[in-house]
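Following: one structure in C-alpha cells, then a few remarks.
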Amino acid sequence: QSSESRMIFSLIDANGDGSLSRLEFVNAVMLSSIVAAFVLPDGSGDTDCDDDPVAPRQQRRTFDEAHEAFDLLADGRCRVGLADFVSHFARLQAQAAMAAVAPQAPLGAEDLARPLFDLMDLDGSGLVSRLGFFDAVRRCAGLAELLLPGEDSSRVFKSERGFQRAKVVFDVISGGRSRFDFASFESYCRRFRTDSLSLPDWEYDRSQRKVFMITPGFDREPGAQHARLLEESGYQVHWCEASLPLPDRRDFSALPFLPTLKAELDAAAPDLLVCVSLGGLYVAALWQSGLWHGPTLVLNAHPACTHIPRGVRAVIAHGSNDEVFPTFRQRLEELIATGTPNQCLLYYTGDSGRLSSGRLSRIGDRHDLASLLKHDCLPRLADAALNVDVCPEVQLARSWRHQLSPARTDAEQWLGLTTTNVRRRWRPRPLHDADVDSTSLSRFLADVPRDSAEFSAVTSVFKATPKDPLTYVSSPAWSWEGCQVIRAWRVENPSQEECSAGPYFLSLQHSLAVQGVPFEPGTHTVWAFHGSSAESVESIIRDPAGFQPCMAGSRGTSPWGLGTNFARDARYVAEGGFCGPPAADGSRQMLMCLVAIGVPCLGDPLHNGVLPHRRKPHRYNSSVDSLSNPEIYVVQHAGAALPAYLISFR
C-alpha cells in the first residue's frame, strides 16, 4: 500500500514540489484512470482521457467525486503532503479490510493486520514509530476502537487518560522499544484482540529429553520417590555412574570428584541436571567451577548454593519447614535474584496463616518435599526448567490450566480472557439512559438468557470440577452435582472497565513487557469466584472501582496476606459459606470475575498488601495459596479483578 500510494502521489504532483493542491488532484483524477481508480471512493475510474473520451454525465460525476475526495484528504487544508496522503489512503484500506473480514476471523490474520500496520507505517520503513502510532490512532476511529476500545480517538492528544492508554499499548507492542515491526504487531493482535484465543502450550515428547541424576540423595527415601516419578513421567533418566560419596561432612570437598563427574556429563549430554538434598553440593561445585551451564533442577537448596551463574536456567524447590536445610524465604529469593532475569524459578511451599479456628489451611514442605509428588508437580518443574522459550514462572503457570477440566477451559476461552473480550458482549445501548433509574442495581445488570451459549459457558465454569480433589472441601462430590444455576446476569459497569480494570490490565501488560515477559491471556488472567453478603456484592457491582482490596479480608483473617481473595472453584465459595445467608427461596449469589494475576508468588500471612520484588523495581502482581495447584488468588489492586457475572444458585 505504501509504495503504491507514493507512486500515485508522484503522478498527481505535477510541479514536483512535494505537495498536492486541489487543482493538481482534480486534474489528475480527470486525466488518469489509474489515479481515479486509486483515490475515488468506489475504487473505479469513470474516466480515462488517455484512451477514450467519456460522456458528460460521467465527467460531472468524476469531477464531483474528485472534489469530495480532496476535501476528505485535505481536512480543511489547501495542500496535502506525502505523509498525509500515504496515511489517508492506508487508513481507508484498513477500514475497508475491517469491514470485509468476518467478525469471527482472528484480528491477527495477515489480511487484516497488514493494512492496519501500513496505516501506522507512515514512511514505509517497515517500522512504526511512537508518532506514527499515535497519529494513526487519532486519525482512524476503527483502529482506535480495536486498540483502545471505548476511547475517543480524536482526543488522544488532549486527554490524559487516552494518551496514557495509547502509550501503554504502544509499549506493550514494542516491548519497551522506540519502534515495532509487523511481526510484533501481528503477535499483539493474535494475543489480545480475538475472541477465540489460542492459548500457548508447550507440547513435547518427554521421552526425547534426558535427565541426569546426581545419585547421592536419590539413593534413599524420599529422593527415591522423586526419581521414580520422573521416570514414570516419561523422561529418559540417566543415573550418574561415577562413585560419588555422600557429602554429609561439614569439611567435605566436591572438587576432587568434579573431573569424573564432568566427563560423565559430557558423555551423557543431558538436557537437564537434577539433584536432591546433599547432592546439591555437587551442583554448587559444578556451578562455581564453570563446568555446567545447562538447565538445572535443585530439590532442597543446599547451603553451598549461594549464587546462580549467569545464563543458567535454574529451578529451585524448597519448603518452609525443611528440617535439614532450614532457610528463610528471603534468603532463597535473594539466591534466585543472583541468576539471569526470567531464567530462574523458586518453587516454595509455606505455611498459611491461621484460620479463625486456629488451624492452618496449608503446611509448607519439610525436607521430603512431599508436594512434588502430587498434581504431577515434579515433572512440571522439570518442564519449566527445560522450556527455553518462556521464563520458568510462565511455563509453570501455563501448566495450572491442565488441572482444569477441558469443558471449563473451552468455556473460559469462549467467554474471553481479556476485559476487551468480556465487554464485547455488553448491551449496545448506553447504560446512562435517561429512562433508567440511576440508583437501580438493574442498570448494571443484563439478564443472560438460559438458552444462550453464554449461559451455558458461565454454567460450565461454575459447575466445573478440577481433575484433582479440592484442598479445602471435604464434602462428597454428589453434594455439588445437585447444585443448580438458577439465573445469571452480566455485570456491565462501564466505569469499572474504563477507569479501573481496563487501565490496570494495560499497565500489567506494560510492566510484564518491560520485564521481558509477553502477556498471555489465560496464563496471566484467570476466571475465578468471589462470595460475600448480598449487600457487599451489590456494593462491588455499583462501585466504580469494583473491589476494595485494602478493606478485604477472609472472615477477619488473611491466611495468604492482605488483599481480595478469589477462589478458582465456585464449589469452594459455595460450600465454604462465603456467600452469606440464603434468600427466602433458598438461593444464594456469588460473583464470577476475570482476574489479572500476572506473575504471582506464594502468599504469606505477613504480606501487608505489598508483595516481594520479582525484578526490581517490579513486584509480583498477585499471590496464590500454592505454586503447584493454586486454588486461591489474592490481588492487592482494585483494578486487578473485573466483576463479569452475578450468579444465583441453589
Check: Can you check whether P630's main-chain N or O pairs, donor with acceptor, with D625's side chain at less than 3.5 Å?
Finding: no
Notebook entry, point to check: What is the distance from atom CG of L386 to atom CG of L272, rounded to the nearest 0.5 Å?
Noted result: 5.0 Å
Check: Salt bridge between R329 and E333, side-chain N to carboxylate O under 4.0 Å?
Finding: yes
Note to self: Between D468 and K374, is the salt bridge (Lys or Arg N to Asp or Glu O under 4.0 Å) condition met? List the steps.
What the structure shows: CA-CA 9 Å; D468 295 322; K374 303 175 183 177; over 6 Å; no
Check: In Å, rounded to the nearest 0.5 Å, how long is the span from OG of S320 to CG of L332?
Finding: 10.0 Å
Notebook entry, point to check: Are any of the side-chain nitrogens in D368 or R366 under 4.0 Å away from the carboxylate oxygens of its partner?
Noted result: no
Checklist line | side chain to side chain contact (heavy atoms under 4.5 Å, CB included) between Y347 and L369, worked out | finding: CA-CA 10 Å; Y347 172 81; L369 291 173; 5.6 Å; no
Next item on the list: Go through the steps to decide whether W400 and H375 satisfy the test side chain to side chain contact (heavy atoms under 4.5 Å, CB included), and finish with yes or no.
Entry: CA-CA 10 Å; W400 294 343; H375 312 301; over 6 Å; no
Next item on the list: Give the C-alpha distance, both sets of side-chain angles, the deciding distance and a yes or no for side chain to side chain contact (heavy atoms under 4.5 Å, CB included) between I316 and C344.
Entry: CA-CA 8 Å; I316 297 178; C344 301; over 6 Å; no
Check: Are any non-hydrogen side-chain atoms of R177 and S184 less than 4.5 angstrom apart?
Finding: yes
Checklist line | Non-hydrogen side-chain atoms of L512 and V599 separated by less than 4.5 Å | finding: yes
Next item on the list: Can you measure from SG (C483) to CZ (R650) and round to the nearest 0.5 angstrom?
Entry: 10.0 Å
Notebook entry, point to check: Checking R619 side chain against V610 main chain: does a donor-acceptor pair fall under 3.5 Å?
Noted result: no
Next item on the list: Give a yes or no on whether the backbone of P521 and the side-chain of T525 come within a donor-acceptor separation of less than 3.5 Å.
Entry: no
Next item on the list: May I ask you to check whether F218 and H226 place their ring centres under 6.0 Å from each other?
Entry: no
Next item on the list: Classify the side-chain pair R568/N629 by whether it contains a donor and acceptor separated by less than 3.5 Å.
Entry: yes
Checklist line | Y235 versus P379, closest heavy-atom pair with distance | finding: OH-O, 3.8 Å
Check: Is any side-chain heavy atom of L286 closer than 4.5 Å to a side-chain heavy atom of T296?
Finding: no
Check: Do N342 side-chain atoms and C391 backbone N/O form a donor-acceptor pair below 3.5 Å?
Finding: no
Notebook entry, point to check: Could you give the distance from CG (D383) to NE2 (H402), rounded to the nearest 0.5 Å?
Noted result: 8.5 Å
Margin query: My understanding is that only residues two or more places apart in sequence, or in another chain, count here; which of them pass side-chain hydrogen bond (donor to acceptor under 3.5 Å, both in side chains) with T306?
Written below: none
Notebook entry, point to check: Under 3.5 Å, is there a donor-acceptor pair linking the side chains of E520 and T523?
Noted result: yes
Checklist line | Criterion salt bridge (charged side-chain N to carboxylate O under 4.0 Å, His left out) against D569, the qualifying member of K467, K463, R408 | finding: R408
Checklist line | Closest non-hydrogen atom pair, T419 against A501 | finding: CG2-CB, 4.3 Å
Check: Pick one: which of L602, I632, V634 meets side-chain contact (heavy atoms from CB on, under 4.5 Å) with S623?
Finding: V634
Note to self: Is there a side-chain contact between S460 and W414 in this structure, where contact means two heavy atoms from C-beta onward sitting under 4.5 Å apart?
What the structure shows: no
Checklist line | Criterion side chain to side chain contact (heavy atoms under 4.5 Å, CB included) on L594 and F505, from CA distance to verdict | finding: CA-CA 11 Å; L594 184 66; F505 274 55; 4.0 Å; yes
Next item on the list: Look at atom CD of E323 and say whether more than 12 heavy atoms of other residues, nucleotides or ligands are closer to it than 6.0 Å.
Entry: yes
Next item on the list: Determine whether Q636 and L562 make a side-chain contact, defined as any pair of heavy atoms from C-beta on separated by less than 4.5 Å.
Entry: no
Next item on the list: Specify whether Y645 and W527 have parallel, tilted or perpendicular ring planes, treating 30° as the upper limit for parallel and 60° as the lower limit for perpendicular.
Entry: tilted
Note to self: Tell me every residue that passes side-chain hydrogen bond (donor to acceptor under 3.5 Å, both in side chains) with Q515, counting only those two or more places apart in sequence or in another chain.
What the structure shows: S511, R614
Next item on the list: With salt bridge (Lys or Arg N to Asp or Glu O under 4.0 Å) as the test, would you mind laying out the steps for R206 and D376 before giving the verdict?
Entry: CA-CA 13 Å; R206 285 176 175 168; D376 197 39; 3.6 Å; yes
Note to self: Checking the side chain of H607 only, and the main-chain atoms of S558 only, is there a donor and an acceptor separated by less than 3.5 Å?
What the structure shows: no
Notebook entry, point to check: Would you call W292 and F212 a side-chain contact if the rule is heavy atoms closer than 4.5 Å?
Noted result: no
Note to self: For A528 versus V595, what's the shortest heavy-atom pair and its separation?
What the structure shows: CB-CG2, 4.1 Å
Margin query: Between S622 and Y620 (side chain of the first, backbone of the second, donor and acceptor by atom type, cut-off under 3.5 Å), is there such a pair?
Written below: no
Next item on the list: First locate atom OG of S479, then atom CZ of R571, and finally report the distance between them rounded to the nearest 0.5 Å.
Entry: 5.0 Å
Notebook entry, point to check: Are the side chain of T338 and the backbone of H307 linked by a donor-acceptor contact shorter than 3.5 Å?
Noted result: no
Next item on the list: Scan V312, I214, V298, L297 and name whichever one has a side-chain contact (heavy atoms from CB on, under 4.5 Å) with L273.
Entry: I214
Please list, one pair per line, the donor and acceptor atoms closer than 3.5 Å that link side chains of residues 254-265 to other protein atoms, with sequence neighbours excluded.
{"unit_1": "K262", "atom_1": "NZ", "unit_2": "D266", "atom_2": "OD1", "d": "3.1"}
{"unit_1": "K262", "atom_1": "NZ", "unit_2": "L291", "atom_2": "O", "d": "3.2"}
{"unit_1": "E264", "atom_1": "OE1", "unit_2": "E241", "atom_2": "N", "d": "3.2"}
{"unit_1": "E264", "atom_1": "OE1", "unit_2": "A242", "atom_2": "N", "d": "2.9"}
{"unit_1": "E264", "atom_1": "OE2", "unit_2": "H238", "atom_2": "NE2", "d": "3.4"}
{"unit_1": "E264", "atom_1": "OE2", "unit_2": "E241", "atom_2": "N", "d": "2.5"}

Next item on the list: Evaluate the side-chain proximity of C601 to Y348: yes if any heavy-atom separation is below 4.5 Å, no if none is.
Entry: no
Check: Are side-chain N/O atoms of T418 and N421 paired as donor and acceptor at under 3.5 Å?
Finding: yes
Note to self: Main chain of G311, side chain of T340: is a donor-acceptor contact present, judged purely on distance under 3.5 Å?
What the structure shows: yes
Notebook entry, point to check: Looking at L381 and A317, what are the two nearest heavy atoms and their distance?
Noted result: CD1-CB, 4.4 Å
Notebook entry, point to check: Got a second to check how far E412's CD is from L415's CG, nearest 0.5 Å?
Noted result: 8.0 Å
Check: Does a side chain donor of either S371 or T349 reach within less than 3.5 Å of an acceptor in the other side chain?
Finding: no
Notebook entry, point to check: Can you tell me if D351 uses its side chain to pair, donor with acceptor, with the backbone of G364 under 3.5 Å?
Noted result: yes
Notebook entry, point to check: Which pair of heavy atoms, one from H524 and one from P518, lies closest together, and at what distance?
Noted result: CE1-O, 3.3 Å
Check: Would you say S628's side chain and S626's backbone share a donor-acceptor pair under 3.5 angstrom?
Finding: no
Next item on the list: Taking the side chain as every heavy atom from C-beta outward, state whether V390 and R398 have any atom pair closer than 4.5 Å.
Entry: yes
Check: Parallel, tilted or perpendicular: which describes the rings of F462 and W480, with under 30° parallel and over 60° perpendicular?
Finding: tilted
Checklist line | Minimum-distance pair of heavy atoms, taken over all atoms of V237 and L230 | finding: CG2-C, 4.3 Å
Next item on the list: Using distance alone, with no hydrogens and no angle criterion, decide if R362 and Y472 have a side-chain donor and acceptor under 3.5 Å apart.
Entry: yes
